[in-house]
Engineer: 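Got a structure for you, questions after.
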Amino acid sequence: MDTRHSIRADRGMVRRVRIATWNVNSLNARVGRVERWLKTFEPDVLCLQETKLADDAFPALAFEALGYESFHHGQGQWNGVAILSKVGLDDPIGGFGDGADPDVDARIAWATCGGVRVASCYVPNGRSLDHEHYQYKLRWLDRLAGDLDGQCDPGDDVVVVGDYNICPADMDCWDPKAFATQTHTSQAERDKLAALEAWGLVDVFREHHDADRLYSWWDYRGGNFHKKMGLRIDLLMTTQSVADATRVALIDRNERKGPKDDPPSDHAPVFIDVER
DNA sequence: ATGGTCGTTTGACGA
């Protein structure tokens, strides 16, 4: 077959790896949307958060039918993270890989996909600044930094993606003043993100959108999505080598739309295309 | 926006 003018063949020649992250707010409720999104966007790696499934309920066969290997770290009911890959999935770890006591929640999974060390993270929400859960959030981020340093070198190809529940800067929040007394924008949280950056990670989406007020999460309530009242909290933190090779970074905000009988997650997928 | 909505679930509670 003559494929000289085949867009498919051309795309094959531009070797790229598409890496995506999406908090699906229950995979049971969203599996149809995830399958559809995989078919449309054909990511090489998709990291999921808030699957809210036990491991034995994870629909691995549905993803396998679309060409994806998968690894799920769940607990049932709440939390739960996964990594889907069609470029290999090696050395998976459910939870922190630091050998210390298991986390009380299923919030991180690791795997190596196509030579890239990948972490899918669901950072604790924190609830409120005076809540114990906020201290758990800060400790969790410290532990993430330690786990990252234990497994990876800043010179490696590494992506630590997911729902960070942190706005990196005020421009990532629809109304910083309204959040001044809330979680997600506090200095202590941003300091933890800064520690990851000091180690060698880059907020690669922001590098490609230096002045855009774009969000990845909108509260279900009050029509916030339509009022552009959102936060950018779903981040792809990558080492410099990955950031340097990233050609495109996008939020698929269309995926936040949908009818009552096919409701969206409150988060939109975010992805990067990395040239190899 | 101090919840008007979703998800877990059939009680509130978490986000």
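A quick note: this is a predicted structure, and the numbers were derived from the prediction, not measured. Labels below follow one simple rule: chain letters A, B, ... track the order of the sequence lines, proteins then strands, and each chain is numbered from 1.
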Engineer: Return the 5'-most residue of the pair A:Ser26, A:His133 with respect to DNA chain B, ranking by each residue's nearest nucleotide.
Structural biologist: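 Of the two residues, A:Ser26 wins.
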Engineer: How long is the line joining CG of A:Asp266 and P of B:dT5, in whole Å?
Structural biologist: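 Rounded to the whole Å, the gap is 14 Å.
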Engineer: Checking contacts here: which listed nucleotide (B:dA15, B:dT5, B:dG7) is nearest the side-chain heavy atoms of A:Glu50?
Structural biologist: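 Minimum distance to the A:Glu50 side chain belongs to B:dA15.
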Engineer: In whole angstroms, how far is the P atom of B:dG3 from the CH2 atom of A:Trp218?
Structural biologist: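 Rounded to whole Å, this separation is 24 Å.
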Engineer: Measure from CZ on A:Phe225 to C1' on B:dT5 and round the result to the nearest Å.
Structural biologist: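 Going from A:Phe225 (CZ) to B:dT5 (C1'), I get 15 Å.
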Engineer: Quick one: sort the A:Trp218 and A:Tyr215 rings into parallel, tilted or perpendicular, breaks at 30° and 60°.
Structural biologist: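 Plane angle over 60°, so perpendicular.
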Engineer: Have a look at A:Asp44 and tell me which of A:Arg16, A:Lys86, A:Arg15 forms a salt bridge (charged side-chain N to carboxylate O under 4.0 Å, His left out) with it.
Structural biologist: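 Among A:Arg16, A:Lys86, A:Arg15, the one that satisfies the salt bridge (charged side-chain N to carboxylate O under 4.0 Å, His left out) with A:Asp44 is A:Arg16.
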Engineer: What orientation do A:Trp174 and A:Phe179 show, parallel under 30°, tilted 30 to 60°, or perpendicular over 60°?
Structural biologist: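 Answer is perpendicular, since the angle exceeds 60°.
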Engineer: For B:dT8 versus B:dG3, give the span between their P atoms, rounded off to a whole number of Å.
Structural biologist: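 Between the two P atoms, the distance is 24 Å.
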Engineer: Nearest whole Å is fine: how far is B:dG3 C1' from A:Asn224 CG?
Structural biologist: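 Checked: the CG to C1' distance equals 9 Å.
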Engineer: If only side-chain N and O atoms of A:Arg221 are considered, is one of them under 4.0 Å from the OP1 or OP2 phosphate oxygen of B:dC6?
Structural biologist: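 Checking B:dC6 against A:Arg221, no side-chain N or O comes under 4.0 Å of OP1 or OP2.
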Engineer: Hey, does the side chain of A:Asp244 reach the backbone of A:Ser241 with a donor-acceptor pair shorter than 3.5 angstrom?
Structural biologist: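 Between the backbone of A:Ser241 and the side chain of A:Asp244 there is no qualifying donor-acceptor contact (under 3.5 Å).
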Engineer: Would you kindly give the CG-to-C1' distance between A:Asn165 and B:dA15, to the nearest whole Å?
Structural biologist: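 Roughly 8 Å, once rounded to whole Å.
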Engineer: Using atom C1' in both nucleotides, what's the gap between B:dT2 and B:dG7 to the nearest angstrom?
Structural biologist: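 Between the two C1' atoms, the distance is 22 Å.
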Engineer: Which nucleotide sits closest to the side chain of A:Ala29: B:dG7, B:dG14, B:dT5?
Structural biologist: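 The answer is B:dG7, which lies nearest to the side chain.
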Engineer: In this structure, how many angstroms lie between the C1' atom of B:dG7 and the NZ atom of A:Lys52, rounded?
Structural biologist: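 Taking atom C1' of B:dG7 as the reference, NZ of A:Lys52 is at 4 Å.
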Engineer: Below the 4.0 Å mark, does B:dG7 have OP1 or OP2 next to a side-chain nitrogen or oxygen of A:Arg30?
Structural biologist: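 So the side-chain polar atoms of A:Arg30 do come within 4.0 Å of the phosphate oxygens OP1 or OP2 of B:dG7, strictly under.
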Engineer: I need the CD-P distance between A:Gln77 and B:dA12, as an integer number of Å.
Structural biologist: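 One finds 16 Å between P of B:dA12 and CD of A:Gln77, rounded.
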Engineer: Assess the pair A:Trp140 and A:Tyr122: is the distance between their ring centroids shorter than 6.0 Å?
Structural biologist: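 When the ring centroids of A:Trp140 and A:Tyr122 are compared, they turn out to be at least 6.0 Å apart.
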Engineer: Look at A:Lys260 and B:dC6 and indicate whether a side-chain polar atom (N or O) is within less than 4.0 Å of OP1 or OP2.
Structural biologist: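 Result: yes.
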Engineer: Want to settle it: does A:Asn79 or A:Pro264 sit nearer the 5' end of DNA chain B, counting the closest nucleotide to each?
Structural biologist: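 In this pair, the answer is A:Pro264.
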Engineer: Indicate, with a heavy-atom threshold strictly under 4.0 Å, whether A:Tyr122 touches base, sugar-phosphate, or nothing.
Structural biologist: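 Sugar-phosphate: the residue A:Tyr122, judged by heavy atoms under 4.0 Å, touches backbone atoms but no base.
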Engineer: Which whole-number value in Å describes the distance from A:His267 NE2 to B:dA15 C1'?
Structural biologist: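 Going from A:His267 (NE2) to B:dA15 (C1'), I get 8 Å.
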Engineer: Under 4.0 Å, counting only non-hydrogen atoms across every strand here, what does A:Trp217 touch: a base, just sugar-phosphate, or nothing?
Structural biologist: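 A:Trp217: no heavy atom of the nucleic acid under 4.0 Å.
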Engineer: Considering only atom P, compute the distance from B:dG11 to B:dC6 and round it to an integer number of Å.
Structural biologist: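 That atom pair is separated by 22 Å.
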